[in-house]
Amino acid sequence: MYNTEHKRYFSHELLDWYDRNKRDLPWRRHRDPYYIWVSEIMLQQTRVDTVIPYFQRFIERFPTIEALADAPEDEVLKCWEGLGYYSRARNLQQAARQVKEQYGGMMPSGKDEVAGLKGVGPYTAGAIRSIAFNIPAPAVDGNVMRVLSRYFLIEEDIMKVRTRTHMEELVMTLIPEGRASDFSQALMELGALVCTPKSPKCLTCPVMHHCAARFEGKEEQLPIKTKAKPPRPEYRLTAIVEGSGQHQGKILVRRRPATGLLAGMWELPHVTVSADGSANLASLPEEAAMERLTGALREEGIPATAASYFMDAEHVFSHIRWHMRVYRCQYQELPSAEAWVAETAAAYEAPEAQYQWIDAQDMERYAFPNVFIRILGAYFAS
DNA sequence: TACACGTGGAG
DNA sequence: TCTCCAAGTGT
């Protein structure tokens, strides 16, 4: 289908360029499959510069597959705090336990074994097998699809699965004998450093002379990609519940459910104003907002009253945009019959407790999504 | 197939 | 400020 000479040229020039230009990255200093694995999971939808410090901390804390398998999940989440897509961390640890139990702690290299690990999809399986084991396997990510769609002028929507499988077949015909590891990394390295999404640096590209998109003047139009939908707005009233008595100087946080958005992470109590986005915070009078929040807290079993406005915060996820209005709330220390269950020592000394009173120091022990770190930081600094 | 799932950097 | 992302996977 594609000219064999152009393929040979592409692979040869690309490897030659990679040998001279590859970056010195922490996970490239060893061929330890565990390091490669961790780095690949962290790099999913995440920039290299962001990943580097997380990778180093993670490996230091969990140096081996077994160490990761044996760690408490909360510690793994805490180590992932701020990186996003937290199910990656939970899946990674689950998979580490799989490897410990099924493969004696030794990372497998077989296609079905690697692909069978939780959190390892077609891309990551190919990346681990090629990079760590030098097995000819396709590691087709966004970089690779961009590079190939340009060089070979492939005008297929890269959001479609069919396009990726097509690219995987193409990659298999490109891997030079014995160079699977370098070739996978070279392809992605070119996409990251030269064949970039915007303003590709064609003049420094090692394969520019036979790039079909460049020849047609289409390098800026490729790859073809359907646009993502903008995030839907959600309006949330958020509570900083200030403790009194034995909880003086502390505030109340709760743990999110084990599934879904920010699963297992800690947060400030908050309530959605309107699920359908029909109302927003601006249209909600201050008095009404505070009453609403107070009511929601009580329904949750938290005897607290919204007392004063603290700050606004906005947080954008891939699919949701949170508009938050934060209020200081006063907790009622009422040892009555209707006192909140968590007020009993048994309820929140327990490891599974849904709620905790914390101060600035205690933040080190719980994993918070970024938006709450910002709010808590502002509060404890005030 | 389409959507859920985070975050911060770049232009 | 806004838009587009960046080494994808699970359901």
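Between A:Y331 and A:W357, the ring centre distance stays below 6.0 Å. Residues A:F372 and A:W266 keep their aromatic ring centres 6.0 Å or farther apart. Aromatic ring centres of A:F10 and A:H12 lie farther apart than the 6.0 Å criterion allows.
The backbone N or O of A:R23 sits less than 3.5 Å from a side-chain atom of A:E189, completing a donor-acceptor pair.
Between A:R232 and A:E234 a salt bridge is recorded (basic side-chain N to carboxylate O distance below 4.0 Å).
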**Request:** Using the side chain to side chain donor-acceptor pair (under 3.5 Å) rule, take A:R255 and A:Q356 through it: C-alpha gap first, then chi angles, then the decisive distance, then the call.
**Result:** CA-CA 9 Å; A:R255 191 211 269 282; A:Q356 291 285 345; over 6 Å; no
**Request:** Please assess A:T173 against A:E169 for the test side chain to side chain donor-acceptor pair (under 3.5 Å), listing each intermediate value before the final yes or no.
**Result:** CA-CA 7 Å; A:T173 71; A:E169 290 165 11; over 6 Å; no
Taking only N/O atoms, report every protein-nucleotides 2-6 of chain B pair under 3.5 Å with atom names and distance.
residue, atom, partner, partner atom, Å
B:dC5, OP1, A:L261, N, 2.9
B:dC5, OP2, A:H319, NE2, 2.9
B:dG6, OP1, A:Y85, N, 3.4
B:dG6, OP1, A:Y86, N, 2.8
B:dG6, OP2, A:L262, N, 2.5
B:dG6, O4', A:Y85, N, 2.9
B:dG6, N7, A:Y85, OH, 3.4
B:dG6, N7, A:S318, OG, 2.3
B:dG6, O6, A:Y85, OH, 3.0
B:dG6, N1, A:Q45, O, 3.1
B:dG6, N2, A:Q45, O, 3.1
B:dG6, N2, A:T46, OG1, 3.0

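For residues 47-68 of chain A, the set of pairs meeting the side-chain hydrogen bond (donor to acceptor under 3.5 Å, both in side chains) definition, not counting sequence neighbours, comprises A:R61-A:E75.
With sequence neighbours excluded, no residue satisfies salt bridge (charged side-chain N to carboxylate O under 4.0 Å, His left out) with A:E216.
The nearest whole Å value for the distance from the CH2 atom in A:W80 to the P atom in C:dT9 is 13 Å. Here the P atom of nucleotide C:dG8 and the CE atom of A:M159 are 11 Å apart, to the nearest Å. If you measure from atom CG of A:D157 to atom P of B:dT1, you get 10 Å, rounded to the nearest angstrom. Atom P of nucleotide C:dC4 and atom CZ of A:R47 are separated by 14 Å, given to the nearest angstrom. The CD1-C1' distance, from A:I52 to B:dG9, rounds to 14 Å in whole Å. A:D49 places its CG atom 14 Å from the P atom of B:dG8, with the value rounded to the nearest Å. Taking atom CD of residue A:E220 and atom P of nucleotide C:dC4, one finds them 15 Å apart after rounding to whole Å. Between A:L43 atom CG and B:dG9 atom P there is a gap of 16 Å when expressed in whole angstrom units.
Remark: nothing in residues 123-136 of chain A comes within less than 4.0 Å of DNA chain B through any heavy atom. DNA chain B lies under 4.0 Å from no heavy atom of any residue of residues 13-34 of chain A.
A close approach under 4.0 Å does occur between a side-chain nitrogen or oxygen of A:K118 and OP1 or OP2 of C:dT11.
Both A:V144 and A:G119 sit near DNA chain C, but only A:V144 has its closest nucleotide nearer the 5' end.
Counting any heavy atom pair closer than 4.0 Å across all strands shown, A:R146 reaches sugar-phosphate atoms only and no base atom. Note on A:V48: a base of the nucleic acid sits closer than 4.0 angstrom, heavy atoms only.
Between A:Y235 and A:H323, the angle of the ring planes stays under 30°, which puts this pair in the parallel group of the 30/60° scheme. In this pair, A:Y9 and A:Y151 present their aromatic rings parallel. The plane angle is below 30°, not in the 30 to 60° band.
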List the atom pairs, with distances to 0.1 Å, where a side-chain N or O of residues 201-209 of chain A and a protein N or O form a donor-acceptor pair under 3.5 Å, not counting sequence neighbours.
residue, atom, partner, partner atom, Å
A:T204, OG1, A:K201, O, 3.1

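Rounded to the nearest Å, the gap between the P atom of B:dC5 and that of C:dA6 is 23 Å. Taking atom C1' in both C:dT1 and B:dG8, the straight-line distance is 15 Å, to the nearest Å.
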